[in-house]
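Right, one structure below, let's go through it.
Chain naming here is simple, since letters A, B, ... match the order of the sequence lines and numbering starts at 1 in each. The figures here come from the full heavy-atom set of this structure, side chains too, leaving out hydrogens, waters and symmetry mates.
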Number of protein chains: 4
Amino acid sequence: MSDLAHIHHVELLTPEPEQSLAYFHAVLGMEAESREGQSVFLRGWGEYQPYSLKLTESPTSGLAHMAFRSSSPDALTRRVAAIEAAGLGIGWIDGDHGHGPAYRFHDPDGHVMEVLWESDRYVAPAHLKPALRNQPQRYTARGAAVKRLDHVNLLARDVTACRRFATDVLGYRHYEGIRLDNGRETGAWLSLTIAAHELIYVEDARQAGQRLHHLAFWVDTREECLRAADIFLDHGVHIEAAPSRHAVAAGFFLYSFEPGGNRIEVTTGGYLVYEPDAEPVIWTEAERARGQAWGVKTVESFHYYGTPPALEDRAYAEAAGVAAP
Amino acid sequence: MSDLAHIHHVELLTPEPEQSLAYFHAVLGMEAESREGQSVFLRGWGEYQPYSLKLTESPTSGLAHMAFRSSSPDALTRRVAAIEAAGLGIGWIDGDHGHGPAYRFHDPDGHVMEVLWESDRYVAPAHLKPALRNQPQRYTARGAAVKRLDHVNLLARDVTACRRFATDVLGYRHYEGIRLDNGRETGAWLSLTIAAHELIYVEDARQAGQRLHHLAFWVDTREECLRAADIFLDHGVHIEAAPSRHAVAAGFFLYSFEPGGNRIEVTTGGYLVYEPDAEPVIWTEAERARGQAWGVKTVESFHYYGTPPALEDRAYAEAAGVAAP
Amino acid sequence: MSDLAHIHHVELLTPEPEQSLAYFHAVLGMEAESREGQSVFLRGWGEYQPYSLKLTESPTSGLAHMAFRSSSPDALTRRVAAIEAAGLGIGWIDGDHGHGPAYRFHDPDGHVMEVLWESDRYVAPAHLKPALRNQPQRYTARGAAVKRLDHVNLLARDVTACRRFATDVLGYRHYEGIRLDNGRETGAWLSLTIAAHELIYVEDARQAGQRLHHLAFWVDTREECLRAADIFLDHGVHIEAAPSRHAVAAGFFLYSFEPGGNRIEVTTGGYLVYEPDAEPVIWTEAERARGQAWGVKTVESFHYYGTPPALEDRAYAEAAGVAAP
Amino acid sequence: MSDLAHIHHVELLTPEPEQSLAYFHAVLGMEAESREGQSVFLRGWGEYQPYSLKLTESPTSGLAHMAFRSSSPDALTRRVAAIEAAGLGIGWIDGDHGHGPAYRFHDPDGHVMEVLWESDRYVAPAHLKPALRNQPQRYTARGAAVKRLDHVNLLARDVTACRRFATDVLGYRHYEGIRLDNGRETGAWLSLTIAAHELIYVEDARQAGQRLHHLAFWVDTREECLRAADIFLDHGVHIEAAPSRHAVAAGFFLYSFEPGGNRIEVTTGGYLVYEPDAEPVIWTEAERARGQAWGVKTVESFHYYGTPPALEDRAYAEAAGVAAP
């Protein structure tokens, strides 16, 4: 096991807290585990930790922070030392609902991150007790009924710097990437495990810094992704990219905007990397121009829109019917 | 088109009205379209008519009546004349919520049936308006989210008599059947359309009369049947037969008992009969002994349990945790 | 049952007979039931008749003819009389492999059609015998493994004339349609049964006459449509429109070009029309402009490309890597 | 990453080499990568290594050996030292088709195992080249089209000893288990990664030693497991347990016997273990008595039949139509 085990949670900002909550609860089918101040803590039914999404009211959209859980107390010590050595440390915080002390730091793009060891284990209330003990909670059977947070895709002004930080300091493996003809690296797919991607960096076309491209939540089958699109359609959720299959990382996708303006993916598929010395698969500019796996052209906004939105993209967000802070 | 278009609705009796309603609403994901007296009218999201299930409180379980809609006013006149000629007519009633005058009659086993022409068309309230106009209601995305009533399976003391009544008087086509080595017909799969079965008669092992074997509700994929089983498991619904594939009619099944004791199937699959002169496929005793398509033995209770339950089957119902009136 | 039961078979022309055969056999997974002269007779595994596709070598692409099977000998007599009365009859032919005498006629656009009663019933050879007697052939488990011919979409210079011929003379029901703001009818979805569409007419933008828009083959689940797209990708089949969901008729689609240049759909989903007096759902120009159900814009070529291709569309076909006769 | 990366391949013995090959090639849809002597090397389409299954003619059925790949050369050195220290080492072999030197050893039950580092990477021949470079081979679209070897289930006379060897010497994590009321451990579900199980030990009811319970091959969806059952049915493959869902490890299963008598599972589902300090979920005798997830009773033969079969089980194998050496 690597020193970091997985992304423990993310904190997402929204200027439309009530509508955003309705999206995550009724449409994605997550559970509101608890509330505190301006935040609601939400979870997928398959997550062992109390929550993976802290949704916080804010004047802007975007990612407030993301947190990794280490694989042991010692692993936490090692990673904090490595981060400090890289000169990107901020310092310790006491903890938050559901977890103990966390060490805060920046990635090279300035995204705020945390690493922690102590985490609560979710205990389902009576009405959510699962029938089988190897499952943390019963299946919600509401809306898209997402199982867990799957991956985080961050925009970066310098993808190479962020990718190197992820591999060299955090211990991620580099499975796939994009390199333009001019040599610039514009995307990196990274993982702590055999899952094909858990953290992605793609180039920030607006060079704005510290922005989020999207959060992705997992469902077990492609059929459920299609079902989610049907549900989005009926609920008036803005579909940015209808269900189809990615060429890079081979995952099946459905991209929407939650009412706060953040891009949210429902995802499944892909592959597991059992090869211990796998070379990263680097896609060329020409290959990328072919679009997604089945020839679907990548929607334009996918290449520039992130949260919080750049000034020039506010009109786009407004046209999509979501917040444009 | 045949004179009868389809099964318009059924009236199901339950001694546990609140729990039965919770089963159909929260677990099967139907909508309660309206309430009247001791009845709740429920619908699948894909049904054009206001409801397909009238759930009525009663000291017993079982089927109060089932109603067919004719394909035109003239077709109604023709079928009423044929039923009267067969000596099984009862007479006209004024109508009920959602439909106009109906002619009541018995099948040879004594099940109460109706045939009607005038039916309301469902108009979805604002919160259930679908995004697409060719759909009557939005997908509920709650529980098993069944789409529509698919078929009704009735127990009969004399399957041959009932099958002949269905084909000769009602206009059903006979697609599949079971004949024992002793020549007795113990099952008949019947349809008004290209769907492989819409009405089934199977032998009543208790020879009790007027009993229901099961109602079946449709979902579009086998994956949704499996999902329904997961939902049943978490909700403590009694699963009589876990998802598998029938040999007869080739449908995919999941059998449960709703709290009132009635057997309810979630079904999909099967095939369409485009052959206009298809000979019925008659299964032998030896073939039936092999069990279902993939070798799963048919659960014993499937051969005798119906509602209302026979005296000797009340212990079985109690063991399953459902009403045993 | 209506006088016509279903589309019995179609004859498709191809200038690339070997490659087209490879497409239908290895990629779509159909069986070559027999060969005769320049034709190969192909079938889906779920079809009771010997074949649904007669693939014939020809200098051009397109549809040579399509044939309906009547629901009885009398129904054949009635339909032939009606066609003759409409002044569109051609005359009787002796029959062809797998079926008896057929009456030939034109629809108002000039497409050659036949109606017949006598049809062989498929008898599977030993290596294709199914395990269950209610299935005509074993599942091929090869390529997309399509089950049966589902619908035929014809281009028409005058959609209204063709739609009226289909309903008034052939006995089709009209379930959905498109009407432009200027009042012109540009599409009609028609069916002989409860299936949402079996025959479609859409406007021929090139006004060429007698052309085919596409043939559609059925699979049982959306997952199989996605699987088919993966198979197309690996086999270098040109995907015109990646899997997504139609707004009109609500079907799930995947459009490809077979090597002869004809458009072939793999389809599933949609809905059954149990309402005997359903009013057609007519879509407006504004609704059509929104694209498919999940917002996917309809690919441009879908609006003009048909077979045989118009002169001005040959470059398009060549770019897609298919025959442009 | 742990010192062992994954199960690199297994060698399966069969007294019916031609029929077994037909099962793995035509029914499971694997590719025969090469042949050598009495062996055929087979692979799933998603495997990076040349093969995962070496199928070898032999007077008996069962497992000849299984091989682990280490995560680095150093990891190999460390594991060999640990195995030697445990007193279970045999010694080095030169390698075999597709891999370099391997260190042979026994587990406490006597199963022959290997650990190796040097492995070839599969290079697809032209007709199997995938369209996407992040996939090792095109999808075969033949039969069940299994993707990869998923897990190996071994019978053990002493489950506790084998489980301890796997965790303490090989570095496996222990995710689930079974403990009888008398305290005896009769099953252990083990993994090197976040996958819920990659190696399983269950008690050998015959106490025969060195026996195989089953090999499991992966498909991506439950729908594909059902499809596999349909294919098995048509091909006369013996289905020991029809598709359903396990309670332990939550996987979806379909158990068959290949013609040589070995039990082969087609599997999918389950869950990923992201929790770094997950406590094993230990199931009780009472919980096990409830059967599988949806109440399906575990088939009796599952508790005693393994390969090579015990003397008293030969009649059972013969009745199933498979080799009983």
Side-chain angles (χ1 to χ4, degrees), chain B residues 1-2 4-8 46-49 69-72 75 117 119 121 131-136 147-150 171 173 175-176 189 192-196 198 218 220-223 245-250 268-283 287 293-294, chain C residues 1-2 4-8 46-49 69-72 75 117 119 121 131-136 147-150 171 173 175-176 189 192-196 198 218 220-223 245-250 268-283 287 293-294:
Chain B
M1 217 185 304
S2 47
L4 298 190
H6 69 112
I7 299 173
H8 183 270
E47 291 170 326
Y48 81 88
Q49 73 271 36
R69 186 169 179 213
S70 71
S71 54
S72 70
W117 161 245
S119 167
R121 202 165 199 267
L132 299 176
R133 284 195 295 117
N134 53 2
Q135 206 174 292
K147 191 174 188 175
R148 56 178 175 76
L149 177 64
D150 183 69
R173 297 175 67 194
Y175 287 149
E176 301 204 24
W189 278 252
L192 295 164
T193 71
I194 55 172
E198 295 172 346
W218 180 267
D220 276 340
T221 63
R222 303 199 283 196
E223 175 60 31
R245 188 185 167 204
H246 277 300
V248 179
T268 190
Y271 58 95
L272 299 179
V273 182
Y274 277 106
E275 189 177 17
D277 52 345
E279 283 296 308
V281 175
I282 307 299
W283 301 82
E287 285 173 321
W294 300 324
Chain C
M1 218 185 303
S2 47
L4 298 190
H6 70 113
I7 299 173
H8 184 269
E47 292 171 325
Y48 80 88
Q49 73 273 37
R69 188 172 177 209
S70 71
S71 55
S72 70
W117 161 245
S119 167
R121 202 165 199 269
L132 299 177
R133 284 194 295 116
N134 52 1
Q135 207 174 293
K147 191 174 188 175
R148 56 178 174 77
L149 177 65
D150 182 68
R173 296 175 67 194
Y175 288 149
E176 302 203 22
W189 278 252
L192 295 163
T193 70
I194 55 172
E198 294 172 346
W218 180 267
D220 276 340
T221 63
R222 305 200 280 196
E223 175 60 30
R245 187 186 168 203
H246 277 301
V248 179
T268 191
Y271 57 95
L272 299 179
V273 182
Y274 276 107
E275 188 177 16
D277 52 347
E279 283 296 309
V281 175
I282 305 300
W283 302 82
E287 285 174 321
W294 300 324

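Neither the backbone nor the side chain of B:Ala196 comes within less than 4.5 Å of any heavy atom of chain C. For B:Trp218, no part lies under 4.5 angstrom from a heavy atom of chain C. Heavy-atom distances place the side chain of C:Gln135, and not its backbone, under 4.5 Å from chain B. With a threshold of 4.5 angstrom between heavy atoms, B:Arg173 approaches chain C through side-chain atoms but not through N, CA, C or O.
A heavy-atom distance below 4.5 Å is not found between the side chains of B:Glu287 and C:Leu132. C:Leu192 places none of its side-chain heavy atoms less than 4.5 Å from the side chain of B:Tyr274. Residues C:Arg148 and B:Leu272 are in side-chain contact: their nearest non-hydrogen atoms beyond the backbone lie under 4.5 Å apart. Proximity of C:Thr193 to B:Thr193: side-chain heavy atoms (C-beta onward) are nowhere separated by under 4.5 Å. Two residues are said to be in side-chain contact when any heavy atoms from C-beta on lie closer than 4.5 Å; C:Arg69 and B:Glu275 meet this criterion.
Under a 3.5 Å cut-off, the side chain of B:Arg133 and the backbone N or O of C:Ile282 do form a donor-acceptor pair. With hydrogens and angles ignored, the 3.5 Å screen pairs no side-chain donor or acceptor of C:Asn134 with any backbone N or O of B:Val248.
The residues B:Arg121 and C:Asp277 are annotated as not salt-bridged, no charged nitrogen and carboxylate oxygen being separated by less than 4.0 angstrom.
Here the shortest heavy-atom pairing between B:Pro276 and C:Ser70 reads CG-O, 3.5 Å.
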